[in-house]
Amino acid sequence: MEDPAKEIVNVATMVTAAVNPEIQKATVLKYYAPDASFRHPLCAVRSAPNSRAAILSILQWYRVLSPVLSVRANSVTYDEEKNSVYLDVTQTFHIRWSPLSPAPARLLVHLTLRPEPSPEDPSKTIYLITSQEDFYHPDDLTALLMPPLVPLVRGALYAATLACKVNATVFGALGYWSVRNGEGGKGVQLQPEGEPLPPVSQNEGIELQERGQGDGDAKSDKKHD
């Protein structure tokens, strides 16, 4: 890729939802580094010589499982300084021969890029994908594999939230991480939003000053460079 911000959506679509296997393979070979790594909740590939071949096999098996696959990029964030891309993606994956209706699943894709001279024109820079990480919420991963179970998974998540609220109340009453008026004796009464922050203690003030000086030195060094 010469311009990741503009090209990455098309690349992501071709590697996951290409119209034929030849286009998919050509896309992986062109845009992924030979030593690329891959992380997914259900599989992983370590960076190694020609690890790209394993990534291609995973993507090919993905299409074998789901011959009909739709992918939509909701948003793209490109961090040029860190050579990384985040894609907010919604995909509809239907397992072959499954009688169940597919459900859309949302995921976050993190791609790490590596700049290299273009083999066609060394004066130009291209960016290869060296790492791909796919992040799913539990209910979205369930939608990918077993859509009818999505309500049960979401119910379990809401039940876990209720358990957190009950446990926080009970253990707070027992003195564990309990909130008290006065913010530890600093004289701040707990109020609704808009309450000013408590005064900074001496140790906190020193830490903030040191952190500020460190950031200032870093910016100064960057300017000199």
Side-chain angles (χ1 to χ4, degrees), residues 1-98 102 105-138 140-146:
M1 292 175 285
E2 293 184 8
D3 189 345
K6 293 182 179 179
E7 299 178 51
I8 194 60
V9 172
N10 189 44
V11 172
T13 302
M14 287 193 294
V15 299
T16 55
V19 295
N20 61 56
E22 291 78 18
I23 291 178
Q24 182 189 51
K25 181 177 181 179
T27 303
V28 172
L29 295 180
K30 180 177 181 179
Y31 295 107
Y32 282 72
D35 59 345
S37 64
F38 181 80
R39 287 294 304 273
H40 186 276
L42 302 177
C43 57
V45 177
R46 293 180 180 177
S47 176
N50 201 29
S51 54
R52 178 176 58 188
I55 298 176
L56 176 60
S57 296
I58 292 172
L59 295 171
Q60 289 173 330
W61 176 239
Y62 203 67
R63 290 310 309 275
V64 171
L65 287 175
S66 180
V68 179
L69 179 66
S70 65
V71 177
R72 183 180 76 252
N74 304 313
S75 64
V76 177
T77 303
Y78 173 42
D79 189 331
E80 186 174 2
E81 183 178 348
K82 295 183 178 179
N83 290 320
S84 67
V85 181
Y86 290 88
L87 296 97
D88 182 347
V89 176
T90 299
Q91 65 175 345
T92 302
F93 179 90
H94 189 205
I95 297 179
R96 186 187 297 268
W97 304 304
S98 173
R106 181 170 169 261
L107 68 149
L108 181 67
V109 180
H110 176 218
L111 301 173
T112 303
L113 309 178
R114 182 170 67 208
E116 292 187 356
S118 171
E120 300 175 355
D121 184 355
S123 64
K124 295 183 179 180
T125 300
I126 61 172
Y127 295 86
L128 298 179
I129 298 171
T130 60
S131 173
Q132 176 176 338
E133 299 173 280
D134 292 352
F135 301 95
Y136 290 82
H137 288 298
D140 287 312
L141 184 60
T142 304
L144 196 71
L145 304 174
M146 195 65 64

statement: Contacts satisfying ring-ring contact (aromatic ring centres under 6.0 Å, His included) that involve residues 32-75 (not counting sequence neighbours) are His40-Tyr136, Tyr62-Phe93

field: Residue pair Ser37 / Ser47: nearest heavy atoms and the distance that separates them
entry: CB-N, 3.7 Å

- prompt: Taking only residues at least two apart or on different chains, which pairs with a member in residues 19-45 satisfy salt bridge (Lys or Arg N to Asp or Glu O under 4.0 Å)?
  reply: Asp35-Arg114

- line: CG of Leu128 to CD of Glu116, rounded to nearest 0.5 Å, is 4.5 Å

- request: Would you mind listing every salt bridge (Lys or Arg N to Asp or Glu O under 4.0 Å) that reaches into residues 117-138, with sequence neighbours excluded?
  value: none

task: Mind listing the closest non-hydrogen atom pair of Thr27 and Val11 along with its distance?
output: CG2-O, 4.1 Å

query: Could you walk me through whether Leu144 and Leu107 pass the side-chain contact (heavy atoms from CB on, under 4.5 Å) check?
result: CA-CA 10 Å; Leu144 196 71; Leu107 68 149; over 6 Å; no

- prompt: If you measure from CE on Met146 to OG on Ser98, what distance do you get to the nearest 0.5 Å?
  reply: 7.0 Å

task: Measure across Ala105 and Asp140 and return the closest heavy-atom pair with its distance rounded to 0.1 Å.
output: CB-O, 3.3 Å

- request: Determine the minimum heavy-atom distance between Leu69 and Thr16, stating which atoms define it.
  value: CD2-O, 2.9 Å

message: I'd like to check Met14 versus Asn10 (side-chain heavy atoms, cut-off strictly below 4.5 Å). Are they in contact?
response: yes

- request: Could you name each residue pair satisfying salt bridge (Lys or Arg N to Asp or Glu O under 4.0 Å) that touches residues 87-96, not counting sequence neighbours?
  value: Asp88-Arg106

- prompt: Where do His110 and Ser84 land on the side-chain contact (heavy atoms from CB on, under 4.5 Å) test, with the steps shown first?
  reply: CA-CA 7 Å; His110 176 218; Ser84 67; 3.5 Å; yes

field: Smallest separation among heavy atoms of Val45 and Ser51, with atom names
entry: CG1-O, 3.7 Å

task: Give every residue pair that meets the ring-ring contact (aromatic ring centres under 6.0 Å, His included) criterion with at least one member in residues 4-30, sequence neighbours excluded.
output: none

task: Tell me, please, which residues at least two apart from Glu7 pass side-chain contact (heavy atoms from CB on, under 4.5 Å).
output: Met1, Glu2, Asp3, Tyr31

task: Please examine the side chains of Val85 and Leu113, heavy atoms only from C-beta on, and report whether any two atoms are closer than 4.5 Å.
output: yes

- request: Look up atom CG in Leu111 and atom CD1 in Ile8, then write down how far apart they are to the nearest 0.5 Å.
  value: 5.0 Å

- prompt: What distance do Phe135 atom CZ and Leu108 atom CG have between them, rounded to the nearest 0.5 Å?
  reply: 7.0 Å

task: Measure the spacing between OG of Ser131 and CG of Asn83 and express it to the nearest 0.5 Å.
output: 12.5 Å

query: Looking only at atom types and distance, does a side-chain atom of Thr130 sit under 3.5 Å from a main-chain N or O of Thr112, one as donor and one as acceptor?
result: yes

